[in-house]
Number of protein chains: 2
Amino acid sequence: MQKEHNLSKNQKIIFDLIDKSRGPMKAYSILFNVQKKGIKAPLQVYRALDKLVEIGKIHKIESRNAFIACQNSSCQVSKATAFSICESCENVSEISNSKLSRYLSNFSDSSGMKYSKYNLEFFGLCKKCKSK
Amino acid sequence: MQKEHNLSKNQKIIFDLIDKSRGPMKAYSILFNVQKKGIKAPLQVYRALDKLVEIGKIHKIESRNAFIACQNSSCQVSKATAFSICESCENVSEISNSKLSRYLSNFSDSSGMKYSKYNLEFFGLCKKCKSK
DNA sequence: TTATAAATGTTATATTATTACATACTGTTA
DNA sequence: TAACAGTATGTAATAATATAACATTTATAA
């Protein structure tokens, strides 16, 4: 059963914006877009983003400093993420491939480290950009 | 056969510093450390870093905005990287596991994307921090 | 040698993210 | 309900990360 997270006012405003957006959004672009709703300062945005990442409603695309809504409705905690990123048009999408996630979640090596989380980013050219 | 890259002056200074360092280094910490060698501006550092990443002598740890020397002597192009990161002590090491890299390099899905590169970051607790 | 690419130097500025401090809201439990 | 703890908000200032623009120099190769 999924824990219901009642988003606060700012969290809801910011999540809705990201969720409606086509692609990943950057923090200051989010800020610009929510200023008419009364969110004026970067910190207000970053705080909401931090929380939304923590509860798995959004993910951060680390290589792009951008945020995207989680596409996987059952994913409430952000501990296993994989994305494909087109280096030409910068289109990003979340990969949900159970074989891949199983493989990575079970990965362990001789380092003695206990892995609890991973983030994977694939880069390349999307279908459209490939054919140009 | 590995293409020999003759590093330029700044590239060499910066690579040597990162290579000697125990862990990942951040750009402005690098800058601070090479100022006595005549490298005065951020851009000089970033340009060298960009080139070093491009030729695979160093890798960027995206989630930490930090740079680490490549541990894999045969790796001349930075297109397949995997790291383990301790969330407590922030120790980072490069994972070289041929099974993992083979698995990821061969990964493809139904999106039609042609993947040419990936970056994977595992998070958790290292041996030392686990036992604390 | 000439021309082309790669690297450097320098100043300014853009972008991303956090510190510090004060206040208010929400839910729990004595 | 009062008291408390935890979470969220507001605001100003500033820190940390990264790039733009332009002038010059050095290395490489035709």
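Within every chain, numbering begins at 1; the chains are lettered A, B, ... in the order of the sequence lines, protein sequences first and strands thereafter.
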Measure from [atom1] on [X] to [atom2] on [N] and round the result to the nearest Å.
X	N	atom1	atom2	result
Glu62(A)	dT16(C)	CD	C1'	12 Å
Leu49(B)	dT8(C)	CG	P	12 Å
Asn6(A)	dC25(C)	CG	C1'	14 Å
Asn10(B)	dT26(D)	CG	C1'	12 Å
Ile39(A)	dA8(D)	CD1	P	14 Å
Phe67(A)	dT15(C)	CZ	P	16 Å
Asp50(A)	dT16(C)	CG	P	16 Å
Ile30(A)	dT16(C)	CD1	C1'	12 Å

Cationic N near anionic O, under 4.0 Å, Asp16(A) to Lys20(A) = no
Could you check which of [options] has an atom nearest any side-chain atom of [X]?
X	options	result
Gln11(B)	dA17(C), dT17(D), dT8(C)	dT8(C)
Arg47(A)	dC21(C), dA8(D), dA12(D)	dC21(C)
Ser8(B)	dA8(D), dA7(C), dA18(D)	dA7(C)
Leu43(B)	dT8(C), dG10(D), dT11(C)	dT11(C)
Gln44(B)	dT17(D), dT10(C), dG10(D)	dT10(C)
Tyr46(B)	dT11(D), dA18(D), dG10(D)	dA18(D)

Assess the side chains of [X] and [Y]: does a donor N or O sit below 3.5 Å from an acceptor N or O?
X	Y	answer
Gln35(B)	Asn33(B)	no
Ser63(B)	Glu62(A)	no
Ser8(B)	Asn10(B)	no

Is the phosphate of [N], meaning OP1 or OP2, less than 4.0 Å from a side-chain N or O of [X]?
X	N	result
Asn65(B)	dT16(C)	no
Lys40(B)	dT10(C)	yes
Lys9(A)	dA24(C)	no
Lys26(B)	dT16(C)	no

Pro42(A) or Lys51(A), whichever maps to the more 5' nucleotide of DNA chain D | Lys51(A)
Do the two ring centres, one from Phe83(B) and one from Phe122(B), sit under 6.0 Å apart?
-> no
Do Tyr28(A) and the base of dT16(C) stack face to face, with centres under 5.5 Å apart and an angle between planes under 30°?
-> yes
